[in-house]
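Scroll down for the structure; my scribbles are underneath it.
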Amino acid sequence: MGKSELAAAVALLLTCGDHEEGAEVYGCAADRQQASIVFDVASEMVKQCPALAKRVKILASLKRLVYIPTNSFYQVLSAEAYTKHGLNIHGVVFDELHAQPNRKLYDVMLRGSGDARMQPLYFLITTAGDNTNSICWEVHQKAKDIIEGRKHDPTFYPVIYGADEKDDWTDPKIWEKANPSLGVTVGIDKVKAACESAKENPAEENAFRQLRLNQWVKQAIRWMPMEKWDKCSFAVDPKQLEGRICYGGLDLSSTTDITAFVLVFPPEDENDKYSIIPYFWIPEDNLDLRVRRDHVNYDLWKQQGFLQTTEGNVVHYGFIESFIEQLGLKYNIREIAFDRWGAVQMTQNLDNLGFTVVPFGQGFKDMSPPTKELMKLTLERKLAHSGHPVLRWMMDNIFIRTDPAGNIKPDKEKSTEKIDGAVATIIALDRAIRHQGVDESVYNVRGLLIL
């Protein structure tokens, strides 16, 4: 039995099998077409069962099934129906919760709408998603907490068929873990073919892991192959880099968000690597709230020294300016490139401190060459970043926008999590490449890299 068949069977049981007078059972999904999938399967089940066919009236145009003996019905709704308060719900079949655009329909259907019923049942069924700020992620985390004993709720019965985050997604044994009917309703040859295709094309990896293995992924298109990034976790010793030429990238984001400053040290010879030292700041007063809201280990990173906080509920730019000033006493910071947005006052202050600051555009023209170069250096293992966890998290968050000419750039709007450190790395890398030696910029030697 597939997912849709299971959901349809539950819908019919709630409508026809509970002996509930006037039962209201609703099928919910992100849109009416998605919700209609379960309805269509339920309708076929009715037609193929003589006992149900005599007692259930199918109103196809209304997407409604009416069980005549108890005057109960099953009705399809969509996300646009969140304004319909006052429903007396006996049952809800929520299909593909991960596709809900927000939590409004979920709250309307599950918060108090079944209080007048003796035995309301809410059946939530979904594939894993890619948005960890969604209602689906919230429900998924609750399910995991109950399964692993961190929470107790006798009214919530969780069942998860999916690969764990650390599982090898290419292992056929993991496929069976996520697909209990593998070889019965799902052909193993199809899964194997999809896996082989995902190995060849990194852009397909997330789709395979999400849709075939029910794994939560960062975004629909994964840009940075993290196994390649992790292979660049070469040690970077700040002491040994003192006095070395380097270039800074500054991404201030907003005063309540993460501010990133990254130093990139160009190689001194052909056996050397581009060394990266990143720094991150968030407001102290928002730390605990962000941990609970974002499900991100900001508190742990602070304890480990990978993230710093500034006093108050906004990032204290004066503190960061003083911090960069101290870095300038240790390292030969030739330039600091910055995202123009919101950085006017700080860049003026840094200029007054003696730093050379240059604006850096966020369009395809400026961002595409160093973004492609970052990927190339990563694949060639010519970067060294010490495995910094905050920077790694941000690299894993990158969603790439591409223009018709094949130029690329990180897209902050579409990236599901923060990428400030990745952007700061890219713009610092650009300055390091452009000024590497006298007339030795890789851009001058071989032109722009086209991937």
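Keep in mind that the numbers below use all heavy atoms, side chains included, and drop hydrogens, waters and symmetry copies. The first residue of the sequence shown is numbered 1, and numbering continues consecutively from there.
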Inset, instruction - Compare every heavy atom of Gln210 with every heavy atom of Ala128, then report the nearest pair and how far apart it is. - result: O-NE2, 2.8 Å

Inset, instruction - May I ask you to check whether His98 and Trp216 place their ring centres under 6.0 Å from each other? - result: no

Legend entry - Expected output: side-chain His385 to main-chain Pro278 donor-acceptor under 3.5 Å: no

Inset, instruction - Evaluate whether atom CZ of Phe156 has more than 12 neighbouring non-hydrogen atoms of other residues, nucleotides or ligands under 6.0 angstrom away. - result: yes

Inset, instruction - State whether the side chain of Thr126 and the backbone N or O of Leu97 hold a donor-acceptor pair below 3.5 Å, judged by distance alone. - result: yes

Legend entry - Donor-acceptor contact below 3.5 Å, side chain Asp351 vs main chain Thr347: no

Legend entry - Closest approach of Trp175 to Lys192 (non-hydrogen atoms, all atoms of both residues): CH2-CA, 3.7 Å

Inset, instruction - Enter the distance from Gln308:CD to Thr259:OG1 here, rounded to the nearest 0.5 Å. - result: 11.5 Å

Inset, instruction - Count the heavy atoms belonging to other residues, nucleotides or ligands that lie under 6.0 Å from CD of Glu311, then report whether that count exceeds 12. - result: no

Inset, instruction - Start with the C-alpha gap between Leu124 and Tyr106, add the side-chain angles, then the distance that decides, and say whether side-chain contact (heavy atoms from CB on, under 4.5 Å) holds. - result: CA-CA 10 Å; Leu124 312 178; Tyr106 176 90; 4.0 Å; yes

Inset, instruction - For residues Trp281 and Phe323, establish whether the separation of their ring centroids is below 6.0 Å. - result: yes

Legend entry - Closest contact, heavy atoms only, Gly421 versus Met394: N-SD, 2.9 Å

Inset, instruction - Give a yes or no on whether a salt bridge exists between Arg392 and Asp230, defined as a side-chain N under 4.0 angstrom from a carboxylate O. - result: yes

Legend entry - Carboxylate-amine/guanidinium proximity below 4.0 Å for Asp167 and Lys173: no

Inset, instruction - Identify the two heavy atoms, one from Asn271 and one from Asp269, that lie closest to each other, and give their separation to 0.1 Å. - result: N-OD1, 2.8 Å

Inset, instruction - Using a 4.5 Å cut-off on heavy atoms from C-beta on, say whether the side chain of Asn214 contacts that of Thr127. - result: yes

Legend entry - Under 3.5 Å donor-acceptor, Ser197 side chain and Ala193 backbone: no

Legend entry - Closest approach of Trp229 to Leu383 (non-hydrogen atoms, all atoms of both residues): CZ3-CD1, 3.9 Å

Inset, instruction - Look at the side chain of Asp299 and the backbone N and O of Asp288, then say whether any donor-acceptor pair between them is shorter than 3.5 Å. - result: no

Legend entry - Worked check of side-chain contact (heavy atoms from CB on, under 4.5 Å) between Met367 and Ile427: CA-CA 7 Å; Met367 291 296 293; Ile427 62 180; 3.9 Å; yes

Legend entry - Check against side-chain contact (heavy atoms from CB on, under 4.5 Å), Met109 and Leu77: CA-CA 10 Å; Met109 303 306 291; Leu77 297 178; 3.9 Å; yes

Inset, instruction - Any salt bridge (charged side-chain N to carboxylate O under 4.0 Å, His left out) involving residues 324-335? Give me the pairs, sequence neighbours left out, ordered by first then second residue. - result: Glu335-Arg431

Inset, instruction - Output yes when a side-chain donor or acceptor of Ser368 lies under 3.5 Å from a complementary backbone atom of Ile408, and no otherwise. - result: yes

Inset, instruction - Kindly indicate whether the side chain of Leu87, heavy atoms from C-beta on, has any atom under 4.5 Å from the side chain of Tyr26. - result: yes

Legend entry - Crowding at NZ, Lys273 (>12 non-hydrogen neighbours, <6.0 Å): yes

Inset, instruction - On the 0 to 90° scale, with breaks at 30° and 60°, tag the His435-Tyr247 ring pair as parallel, tilted or perpendicular. - result: parallel

Legend entry - Any side-chain heavy-atom pair of Glu96 and Cys136 under 4.5 Å: no

Inset, instruction - Would you sort out whether Phe94 and Leu105 count as a side-chain contact (heavy atoms from CB on, under 4.5 Å), showing the intermediate values? - result: CA-CA 10 Å; Phe94 231 119; Leu105 181 60; 4.0 Å; yes

Inset, instruction - Side-chain contact test, heavy atoms from C-beta onward, threshold under 4.5 Å: evaluate it for Phe360 versus Ile426 and give yes or no. - result: no

Legend entry - From CD1 (Ile336) to CG (Leu263), nearest 0.5 Å: 8.0 Å

Legend entry - Taking every non-hydrogen atom, the tightest pair across Ile89 and Pro120: O-CB, 4.0 Å

Inset, instruction - Rounded to the nearest 0.5 Å, what's the gap from CG on Asp257 to CG on Asp420? Could you check? - result: 6.0 Å

Legend entry - Any side-chain heavy-atom pair of Leu327 and Ile277 under 4.5 Å: no

Legend entry - Any donor-acceptor pair under 3.5 Å from Ser386 side chain to Val236 backbone: yes

Legend entry - Straight-line distance of Ile419 CD1 to Met395 CE, nearest 0.5 Å: 9.5 Å

Inset, instruction - Decide yes or no for Leu6 and Phe123: does some side-chain heavy atom of the first lie under 4.5 Å from some side-chain heavy atom of the second? - result: yes

Legend entry - Side-chain touch Tyr279/Ile324, heavy atoms, less than 4.5 angstrom: no

Legend entry - From Tyr157 atom OH to Ile146 atom CD1, the distance as rounded to the nearest 0.5 Å: 11.5 Å

Legend entry - Expected output: side-chain Ser134 to main-chain Trp137 donor-acceptor under 3.5 Å: yes

Inset, instruction - Answer yes when Glu373 and Arg434 have at least one side-chain N-carboxylate O distance shorter than 4.0 Å, and no when they do not. - result: no

Inset, instruction - Answer yes or no for Arg244 and Phe265: cation-pi contact, defined as NZ/CZ to six-membered ring centre under 6.0 Å and angle to ring axis within 45°. - result: no

Legend entry - Under 3.5 Å: donor-acceptor pair, side chain of Gln215, backbone of Asp164: yes

Legend entry - Within 6.0 angstrom of Lys177 NZ, more than 12 heavy atoms from elsewhere: yes

Inset, instruction - Using distance alone, with no hydrogens and no angle criterion, decide if Asn349 and Gln345 have a side-chain donor and acceptor under 3.5 Å apart. - result: yes

Legend entry - Lys/Arg N to Asp/Glu carboxylate O, Glu196 vs Lys199, below 4.0 Å: yes

Inset, instruction - Indicate yes or no: at least one non-hydrogen side-chain atom of Phe399 is less than 4.5 angstrom from one of Pro410. - result: no

Legend entry - Gap separating the OH atom of Tyr161 from the CG atom of Leu213, nearest 0.5 angstrom: 15.5 Å

Inset, instruction - Return yes if some donor-acceptor pair links the side-chain N/O of Asn332 with the main-chain N/O of Gly243 below 3.5 Å, else return no. - result: no

